[in-house]
Amino acid sequence: GGSRTGLVWSAVTIVAATAAAIRLSSHPVFGTIAWTTAIAAGICAIASVLAERSRERAMRALRTAREQAELEARTRASAERALRESQNLFATTFRRTPAMLVVTDFESGEILEVNESFCQITGWSADDVLGRTLPSLNAWQDGHERARFLKRIVDHGSVQNAELALRTKSGERVSHLVCAELIEIG
């Protein structure tokens, strides 16, 4: 490569300068100048080879960095695509599942999301309930039942197949088997 060519030219330059210095070495002024020139030529040749090697290393490092950046970009794009697909799958499954689903903030009780089955069973639209709480909708038949239900979630982290009576928008009492689990979002 370029480094070998530079090394050969450097060796030729050093040999030529050294030969000139040897020929002129008997002359008191020109001999000193010739040897100084030979040393300078040698230093320049070595510096040239070192510079060429440094440039080649820098170019290899640059190529490697570019290739790594391209790989990371492809990987990131693939991960983002997989995330979008997963989010779409989850959103579709959440919306279309036949079971009534409600996501609430545990601390405030604010309804964050409901699915289509919730709307069909309760009579409320998503716009009616998002940002509100079930108690503000008068959806709990019994406030004490709600308190016991929330305590079970706190004590156990989840509740499985608990029977709860809720009110629909029209005031009808509907019993449900409810599963609930604390999850951290964000």
Side-chain angles (χ1 to χ4, degrees), residues 1-99 101-119 125-127 129-133 153-154 156-158 160 179-186:
S3 170
R4 287 193 180 119
T5 304
L7 191 58
V8 168
W9 280 110
S10 297
V12 168
T13 303
I14 292 169
V15 168
T18 303
I22 291 170
R23 275 194 316 268
L24 296 172
S25 63
S26 60
H27 192 282
V29 174
F30 292 129
T32 303
I33 292 172
W35 280 111
T36 304
T37 303
I39 292 169
I43 291 171
C44 287
I46 291 169
S48 173
V49 169
L50 293 176
E52 177 64 22
R53 286 182 179 168
S54 292
R55 189 187 75 72
E56 287 175 0
R57 280 193 300 271
M59 292 303 290
R60 276 193 307 272
L62 183 60
R63 274 192 304 276
T64 300
R66 185 178 53 242
E67 289 167 359
Q68 185 175 356
E70 289 170 355
L71 175 62
E72 288 173 5
R74 285 190 306 273
T75 302
R76 186 178 323 108
S78 177
E80 288 171 355
R81 186 174 35 262
L83 177 61
R84 277 191 308 277
E85 290 170 0
S86 176
Q87 289 171 333
N88 287 337
L89 176 63
F90 173 79
T92 301
T93 303
F94 181 86
R95 277 193 319 274
R96 302 286 186 196
T97 192
L101 298 177
V102 181
V103 177
T104 64
D105 179 85
F106 186 78
E107 298 294 322
S108 68
E110 178 184 346
I111 297 172
L112 304 174
E113 193 65 60
V114 296
N115 71 346
E116 293 170 7
S117 293
F118 173 89
C119 297
S125 71
D127 289 338
V129 300
L130 294 180
R132 297 188 59 192
T133 64
I153 293 173
V154 169
H156 303 286
S158 68
Q160 302 298 315
C179 296
E181 185 168 342
L182 286 175
I183 59 170
E184 192 169 324
I185 300 174

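These figures come from a predicted structure and were not determined experimentally.
Nearest heavy-atom pair, Q160 versus A180, reported as atom, atom and distance to 0.1 Å: NE2-O, 4.4 Å. Residues T133 and I111 approach most closely at C-CD1, 4.2 Å, considering heavy atoms.
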Check step by step if side-chain contact (heavy atoms from CB on, under 4.5 Å) holds for L182 and F106. CA-CA 8 Å; L182 286 175; F106 186 78; 3.5 Å; yes
Kindly determine whether I153 and S158 satisfy side-chain contact (heavy atoms from CB on, under 4.5 Å), including the steps that lead there. CA-CA 5 Å; I153 293 173; S158 68; over 6 Å; no
Would you sort out whether L130 and L112 count as a side-chain contact (heavy atoms from CB on, under 4.5 Å), showing the intermediate values? CA-CA 6 Å; L130 294 180; L112 304 174; 5.9 Å; no
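Here CG of L83 is found 9.5 Å from CG of N88. Values are rounded to the nearest 0.5 Å. Atom CD of E113 and atom CZ of R95 lie 9.0 Å apart (nearest 0.5 Å). A distance of 13.5 Å separates CD in E181 from NE2 in H156, rounded to the nearest 0.5 Å. To the nearest 0.5 angstrom, E80 atom CD is 10.5 Å from Q87 atom CD. Between the CD atom in E52 and the CZ atom in R57 there is a gap of 10.5 Å [rounded to 0.5 Å].
Under a 4.0 Å N-O distance rule, the pair R132/E110 does not qualify as a salt bridge.
Residues L101 and F94 meet the side-chain proximity criterion, which asks for heavy atoms closer than 4.5 Å.
Judged purely by atom type and a 3.5 angstrom limit, N115 has no side-chain atom pairing as donor or acceptor with the backbone of V102. In terms of modelled atom types and a separation under 3.5 Å, the side chain of S117 and the main chain of R96 share no donor-acceptor contact. At distances below 3.5 Å, at least one donor-acceptor pair connects side-chain atoms of T75 with backbone N or O atoms of L71. The backbone N or O of R74 sits nowhere less than 3.5 Å from a side-chain atom of S78 that would complete a donor-acceptor pair.
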